[in-house]
Amino acid sequence: MATVDLKDVRKTYSGKVEAVKGVSIAIPDKALCVLVGPSGCGKSTLLRMIAGLESITSGAVAIDGKIVNTIGPAERDIAMVFQNYALYPHMKVYDNMAYGLRNRGTAKDDIDKRVRAAAKTLELSHLLERRPRELSGGQRQRVAMGRAIVRNPKVFLFDEPLSNLDAKLRGQMRVEIKNLQRALGVTSVYVTHDQLEAMTLADVLVVMNAGVVEQTGAPLDVYEKPASTFVASFIGAPPMNLLPVAALPDSSGVTVPAGAATLGFRPEDALVQSGAAGALALEVMVEGVEPVGAESFIHCLLADNRLILRAPGRTAIAPGDRMSVGVEAAKLHWFNAAGRRL
């Protein structure tokens, strides 16, 4: 298939608005790379530059080792799946999937073979004679994916493809996309603002913020060792608790590393009062409790700082209670004044 390499890619719009600020990413062959970040961070602009739908101000985009900066979208051998499906409403499913191949002059027998094979893979065979308005949102998204598959591209590009679906269907489609990508072995770049999608889908996770890459790595590595306070607060639901070092009471029991300005710990790592040397010990006031079934989220206050703790199952803790919170030393994260991990 193909690798995708971005080297110091930048995008500046008229008026000197810099949307992408020197992004470098190496995506291995057959990997699923997810670009995640808040709205306006530059992830969709980056995807469009890979696709050739957006010009590159500087830097280089290479697909399978070939720089494609000046090559049009049709010649890049990529296929894109959009948020809004982009299906032709007057065409049947079969014709929507076959349209791109017909435009390329592909032989009729080959088109039929590819469309029916893709339809079988996506469980669309019984829907080939229907029109998009007769399909559910999940079925329409599968048709859009089928249209991409039949082209046998080197690279798949996904632009927030699940954002129009309800939560249950998003979960189902995440599994389908991951399984399909693995089965086809096609290098893929996937854009989302949903960190749950990013964590569950990615082989390579790229966290973006304000046009720059904050961190790249395997999802669990990024979760366990966030490179910055931004990553720590963006990846994870609930996010990591972040406390200014100045807010730590003398009784906290921790030794603050040189240069540390912020202390972080995950909600699930709290409520573990080990008593070991170096463990964090805090006395907090409970502000609220959210039971969500298998666990409960406990919202607490330490002076003016809000914390979220995660407790398994039901809890007798109630608003107004005061409680002791402990976190083992190995579960603590330290960041400097610039918000970078120590």
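Start at 1 with the first residue, then count along the sequence.
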Review point. If we only count heavy atoms from C-beta on, is the Thr315 to Pro291 side-chain gap below 4.5 Å?
Key: no
Review point. What are the two closest heavy atoms between Pro239 and Ser233, and how far apart are they?
Key: CB-O, 3.1 Å
Exercise for review: Output yes when Arg114 and Asp110 qualify as a salt bridge under the 4.0 Å nitrogen-oxygen rule, no when they do not.
Suggested key: yes
Revision key, fill the gap. What one should report as the nearest heavy-atom pair of Met240 and Pro226 is CE-CG, 3.8 Å
Point to revise | Exercise: do Glu197 and Tyr190 side chains pair donor with acceptor under 3.5 Å | key: yes
Review point. Any side-chain heavy atom of Arg104 within less than 4.5 Å of one from Arg151?
Key: yes
Review point. In terms of hydrophobic clusters joined by side-chain contacts under 4.5 Å, are Val186 and Ile25 together?
Key: no
Review point. For the residue pair Gly65 and Thr3, what are the closest heavy atoms and their distance?
Key: N-OG1, 4.0 Å
Review point. What residues form a side-chain contact (heavy atoms from CB on, under 4.5 Å) with Thr262, not counting sequence neighbours?
Key: Thr229, Leu242, Phe335
Check your understanding: With distance as the sole test, does Asn241 use its side chain to make a donor-acceptor pair with the main-chain N or O of Ile308 at under 3.5 Å?
Key -> yes
**Study point:** 4.5 Å side-chain heavy-atom contact, Pro132 and Asn96
**Key:** yes
Exercise for review: State, to 0.1 Å, how close Ala247 and Asn305 come at their nearest heavy-atom pair, and which atoms those are.
Suggested key: CB-ND2, 3.4 Å
Review point. Near Asp109 CG, under 6.0 Å, is it more than 12 heavy atoms from other residues, nucleotides or ligands?
Key: no
**Study point:** Ser228 backbone acceptor or donor facing Gln215 side chain under 3.5 Å
**Key:** no
Review point. Side-chain heavy atoms under 4.5 angstrom apart, residues restricted to Ile, Leu, Val, Met, Phe, Trp, Tyr: same cluster for Val34 and Leu165?
Key: yes
**Study point:** Student check: side-chain heavy atoms of Lys66 and Ile71 closer than 4.5 Å
**Key:** yes
**Study point:** side-chain contact (heavy atoms from CB on, under 4.5 Å) evaluation trace for Leu309 with Phe265
**Key:** CA-CA 10 Å; Leu309 315 179; Phe265 62 91; 4.1 Å; yes
Practice item. Please assess Leu180 against Leu122 for the test side-chain contact (heavy atoms from CB on, under 4.5 Å), listing each intermediate value before the final yes or no. Key: CA-CA 8 Å; Leu180 180 66; Leu122 294 166; 3.8 Å; yes
Practice item. Report yes or no: do Arg306 and His299 form a side-chain donor-acceptor pair below 3.5 Å? Key: no
Point to revise | Test: Asp95 and Arg102 ion pair at under 4.0 Å | key: yes
Practice item. Verify, without hydrogens or angle tests, whether Arg131 (side chain) and His90 (backbone) share a donor-acceptor contact under 3.5 angstrom. Key: yes
Point to revise | For Lys11, the option from Ile56, Thr57, Val17 that meets side chain to side chain contact (heavy atoms under 4.5 Å, CB included) | key: Thr57
Point to revise | Identified salt bridge (Lys or Arg N to Asp or Glu O under 4.0 Å) counterpart of Glu214 within the set Lys43, Arg341, Arg340 | key: Arg340
Review point. Are Val212 and Met49 linked, directly or through other ILVMFWY residues, by side chains that come within less than 4.5 angstrom of each other?
Key: no
**Study point:** Arg147 to Tyr85 six-membered ring, cation-pi geometry met (6.0 Å, 45°)
**Key:** no
Check your understanding: Just wondering, are more than 12 heavy atoms of other shown residues or ligands nearer than 6.0 Å to CG in Asp166?
Key -> yes
Check your understanding: With a 4.5 Å heavy-atom cut-off, do Val93 and Gln139 have their side chains touching?
Key -> no
Point to revise | Neighbour count above 12 (heavy atom, 6.0 Å) for Glu224 CD | key: yes
**Study point:** Over all atoms of both residues, closest heavy-atom pair of Ser296 and Gly313
**Key:** OG-O, 2.8 Å
Check your understanding: Is a side-chain donor or acceptor of Asp8 paired with a backbone partner of Gly59 at a separation under 3.5 angstrom?
Key -> no
Review point. Within a strict 4.5 Å, meaning less than it, do heavy atoms of the Gln181 and Leu201 side chains meet?
Key: no
Review point. Can you tell me how far the CD1 atom of Ile50 sits from the SG atom of Cys33, to the nearest 0.5 Å?
Key: 7.5 Å
Check your understanding: Taking atom NZ of Lys178 as the centre, does the number of heavy atoms from other residues, nucleotides or ligands within less than 6.0 Å exceed 12?
Key -> yes
Review point. Are side-chain N/O atoms of Thr192 and Glu160 paired as donor and acceptor at under 3.5 Å?
Key: no
Review point. Is any NZ, NE, NH1 or NH2 atom of the basic residue among Arg10 and Glu18 found under 4.0 Å from an Asp or Glu carboxylate oxygen of the other?
Key: yes
Review point. Relative to the ring of Phe156, is the ring of Phe158 parallel (under 30°), tilted (30 to 60°) or perpendicular (over 60°)?
Key: perpendicular
Review point. What distance separates Asp159 CG from Asn84 CG, expressed to the nearest 0.5 Å?
Key: 9.0 Å
Point to revise | Side-chain heavy atoms of Leu205 within contact of Met199, under 4.5 Å | key: yes
Check your understanding: Mind checking whether Val204 and Leu220 sit in one hydrophobic cluster, side chains of I, L, V, M, F, W, Y counted as touching below 4.5 Å?
Key -> no
Check your understanding: Got a second to check how far Leu248's CG is from Asp250's CG, nearest 0.5 Å?
Key -> 9.5 Å
Check your understanding: side-chain contact (heavy atoms from CB on, under 4.5 Å) between Met80 and Leu53: does it pass, once the steps are laid out?
Key -> CA-CA 11 Å; Met80 197 159 181; Leu53 300 175; 3.8 Å; yes
Exercise for review: Please round to the nearest 0.5 Å and tell me the distance separating atom OG1 of Thr255 and atom CH2 of Trp334.
Suggested key: 8.0 Å
**Study point:** Thr187 side chain vs Lys30 backbone, donor-acceptor pair below 3.5 Å
**Key:** yes
**Study point:** For Leu162, the option from Ile177, Val81, Leu169 that meets side chain to side chain contact (heavy atoms under 4.5 Å, CB included)
**Key:** Ile177
Point to revise | Verify same cluster id: Val189, Leu184 (apolar side-chain graph, 4.5 Å) | key: no
Practice item. Report yes if the side chains of Val143 and Met97 come closer than 4.5 Å at any heavy-atom pair, otherwise no. Key: yes
Practice item. Taking Gln195 for its side chain and Gly236 for its backbone only, find out whether a donor-acceptor pair lies under 3.5 Å. Key: yes
Review point. Should Val191 and Leu46 be marked as a side-chain contact (heavy atoms from CB on, under 4.5 Å) after you check the CA-CA gap, both sets of side-chain angles, and the distance that decides it?
Key: CA-CA 9 Å; Val191 162; Leu46 199 60; over 6 Å; no
Check your understanding: Which value, rounded to the nearest 0.5 Å, describes the distance between His193 atom NE2 and Phe234 atom CZ?
Key -> 8.0 Å
**Study point:** Exercise: identify the closest heavy-atom pair between Val327 and Asp269
**Key:** CG1-O, 3.7 Å
Study note, to complete from the structure: The reported gap from OG in Ser251 to CG in Leu282 (rounded to nearest 0.5 angstrom) is 7.5 Å
Check your understanding: Just checking, any donor-acceptor pair under 3.5 angstrom between side chains of Thr12 and Lys21?
Key -> no
